[in-house]
Amino acid sequence: MTIERIEHRACFGGWQDVYRHRSTVLGCAMNFAVYLPPQAAEPGAKLPVLYWLSGLTCTEQNFITKAGAQRYAAEHGVVIVAPDTSPRGDDVADAEGYDLGKGAGFYVNATQEPWAAHYRMHDYVAEELPALVEANFPVTDARAISGHSMGGHGALTLALRNPGRYRSVSAFSPIVAPTQVPWGQKAFGAYLSEDREAWKQYDATELVKSAAERLPLLIDQGDDDEFLHAQLKPELFASAADAAGYPLTLRLQPGYDHSYYFIASFIGEHIAHHAAALKA
């Protein structure tokens with residue numbers, strides 16, 4: 001599969017690049033960012049990969065320019081891959097508002113028109129993108145996954161739906177129970193139909209109840225997040241994880257909101273969390 005490098009910048013001894021390719025799964029051109037730490041340049045090097053999923057309205061650019069993750073990835077010798085949040089292109093369906101359509105793929109495989117033709121972000125992140133990365137970069141098949149808000153939802157559900165694929169998972173301000181909050185209900189109703197039973201396959205609070213494996217799981221949530229009580233509801237996931245005996249580190253961080261200032265404050269701890277699992 002052909003990839004084209006469209007950005008190349010030195011960063012903490014390594015390289016922050018952005019690539020474009022034609023996605024078979026999504027039926028459109030997609031961008032994804034790759035940070036290669038300095039260890040990647042060593043002869044014969046193969047490094048583990050952390051996949052980062054961004055939130056509503058974002059592209060691959062938000063994380064690589066605002067989170068400050070490259071410093072910690074260089075310290076731990078971890079590659080970071082950050083895809084876009086949805087399919088893009090003139091023939092890709094879209095909607096009014098920021099919470100449906102382009103920039104709001106919700107990391108599901110859509111079954112309803114006009115979305116089903118392109119909106120298959122679950123399979124893109126779980127299968128096509130790792131295959132592409134592992135074929136073109138000095139990496140191993142040791143993978144971890146993290147994300148923010150809608151991307152935190154994506155990270156949790158991808159990890160819970162695909163046992164054996166990831167070694168660790170973390171999230172910032174994740175939408176943990178999309179079937180119970182307005183953001184998720186709007187997106188799932190459009191992408192997956194009005195069958196609420198079908199929604200549960202992409203709801204982390206539902207999935208954790210029958211999780212087939214136990215991954216190291218870290219969630220950070222700001223207590224001054226404007227979306228905390230209406231859209232995020234971390235207590236629902238915590239309760240379900242506790243009932244299922246799934247070990248969870250949930251940290252409510254005082255004073256922090258939903259922004260990248262929050263992510264930048266704790267991203268180093270999240271990368272250390274993943275590095276420990278990836279190198280175990």
Side-chain angles (χ1 to χ4, degrees), residues 1-26 30-54 60-61 63-65 67-84 107 121-147 151 154-156 158-171 213-218 267-280:
M1 190 178 297
T2 302
I3 62 173
E4 174 192 5
R5 191 171 68 190
I6 58 176
E7 294 184 24
H8 183 57
R9 294 184 172 88
C11 188
F12 288 101
W15 296 98
Q16 180 61 69
D17 296 335
V18 177
Y19 290 84
R20 179 173 295 143
H21 76 110
R22 179 75 185 180
S23 167
T24 301
V25 169
L26 303 178
M30 288 291 287
N31 290 353
F32 65 96
V34 179
Y35 177 67
L36 294 172
Q39 296 90 333
E42 298 173 2
K46 282 188 175 291
L47 305 179
V49 183
L50 170 61
Y51 289 85
W52 171 270
L53 306 182
S54 292
E60 78 288 342
Q61 292 292 323
F63 179 74
I64 65 175
T65 59
Q70 295 92 342
R71 171 184 177 181
Y72 304 103
E75 176 184 340
H76 291 285
V78 173
V79 173
I80 301 182
V81 175
D84 200 348
Y107 305 102
M121 287 297 294
H122 174 276
D123 283 0
Y124 177 71
V125 174
E127 299 174 8
E128 185 178 27
L129 183 59
L132 186 68
V133 169
E134 289 162 23
N136 288 278
F137 299 94
V139 302
T140 69
D141 61 0
R143 312 177 195 97
I145 193 163
S146 185
L156 293 174
L158 276 151
L160 291 166
R161 282 170 56 94
N162 296 278
R165 186 167 293 274
Y166 304 102
R167 296 192 181 180
S168 55
V169 58
S170 75
E213 66 180 349
R214 300 292 187 264
L215 298 178
L217 172 52
L218 169 64
I267 191 65
E269 296 174 33
H270 281 243
I271 291 175
H273 162 82
H274 293 294
L278 287 166
K279 298 177 180 181

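Keep in mind that the numbers below use all heavy atoms, side chains included, and drop hydrogens, waters and symmetry copies.
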Discussion item. Tell me the closest heavy-atom pair linking Gly14 and Tyr35, and the distance in Å.
Written reply: N-OH, 3.7 Å
Discussion item. Measuring from atom CE of Met30 to atom CG of Asp84, what distance do you get when rounded to the nearest 0.5 angstrom?
Written reply: 5.0 Å
Item to complete: Give the minimum heavy-atom separation between Thr140 and Pro48, together with the two atoms involved.
Response: OG1-CA, 3.7 Å
Fill in: Tyr124 ring center within less than 6.0 Å of Phe32 ring center
no
Fill in: Closest contact, heavy atoms only, Pro138 versus Leu36
CD-CD2, 4.4 Å
Worksheet item: Given side chains that start at C-beta, do those of Val139 and Lys46 come closer than 4.5 Å, heavy atoms only?
Response: no
Item to complete: Please report the closest heavy-atom contact between Ala74 and Gln39, naming both atoms and the distance.
Response: O-NE2, 2.8 Å
Discussion item. So, using salt bridge (Lys or Arg N to Asp or Glu O under 4.0 Å) as the criterion, who are the partners of Glu7 when residues are at least two apart?
Written reply: Arg9
Worksheet entry | Spatial distance of atom CG (Asn31) from atom CD1 (Ile6) [nearest 0.5 Å] | 4.0 Å
Fill in: Stepwise side-chain contact (heavy atoms from CB on, under 4.5 Å) test for Leu26 and Met121
CA-CA 7 Å; Leu26 303 178; Met121 287 297 294; 3.8 Å; yes
Item to complete: Show the numbers, then the answer: is there a side-chain contact (heavy atoms from CB on, under 4.5 Å) between Leu217 and Leu156?
Response: CA-CA 9 Å; Leu217 172 52; Leu156 293 174; 3.5 Å; yes
Item to complete: Could you go through the side-chain contact (heavy atoms from CB on, under 4.5 Å) check for His274 and Val78 one step at a time?
Response: CA-CA 9 Å; His274 293 294; Val78 173; over 6 Å; no
Worksheet item: Looking just at side-chain N and O atoms, do Ser168 and His273 make a donor-acceptor pair shorter than 3.5 Å?
Response: no
Practice prompt. Over all heavy atoms of both residues, which pair between Gln16 and Val34 is shortest? Give the atoms and the distance, please.
Written response: NE2-O, 3.3 Å
Worksheet entry | Check: Ala126 main-chain N/O paired with Arg165 side-chain donor or acceptor under 3.5 Å | yes
Worksheet, complete the sentence: The reported gap from CG in Leu53 to CZ in Phe63 (rounded to nearest 0.5 angstrom) is 10.0 Å
Worksheet item: Within a strict 4.5 Å, meaning less than it, do heavy atoms of the Pro37 and Val79 side chains meet?
Response: yes
Discussion item. Within the supplied structure, the quantity of interest is the number of heavy atoms (other residues, nucleotides, ligands) at a distance under 6.0 Å from Arg161 CZ; does it exceed 12?
Written reply: yes
Worksheet item: Any idea which heavy atoms bring Glu213 and Pro163 closest together, and the distance?
Response: OE2-CA, 3.2 Å
Item to complete: Using the salt bridge (charged side-chain N to carboxylate O under 4.0 Å, His left out) rule, collect all pairs that involve residues 124-140, keeping only residues at least two apart or in two chains.
Response: Glu134-Arg143
Discussion item. Distance check, rounded to the nearest 0.5 Å: Gln70 atom CD versus Cys11 atom SG?
Written reply: 4.0 Å
Worksheet entry | Rounded distance [0.5 Å steps], CG in Asp123 versus CG in Leu129 | 12.0 Å
Worksheet entry | Test side-chain contact (heavy atoms from CB on, under 4.5 Å) applied to Tyr51 and Leu158, step by step | CA-CA 11 Å; Tyr51 289 85; Leu158 276 151; over 6 Å; no
Fill in: Sidechain-backbone polar pair: Arg167 side chain, Leu278 backbone, donor-acceptor under 3.5 Å
yes
Worksheet entry | Among Val81, Ile145, Ile267, the one residue meeting side-chain contact (heavy atoms from CB on, under 4.5 Å) with Trp52 | Ile267
Item to complete: Find out whether Tyr72 and Leu50 are in side-chain contact, i.e. whether some heavy atom of one side chain is under 4.5 Å from a heavy atom of the other.
Response: no
Worksheet item: Taking side chain as C-beta onward, heavy atoms only, is Ile80 less than 4.5 Å from Ile271?
Response: yes
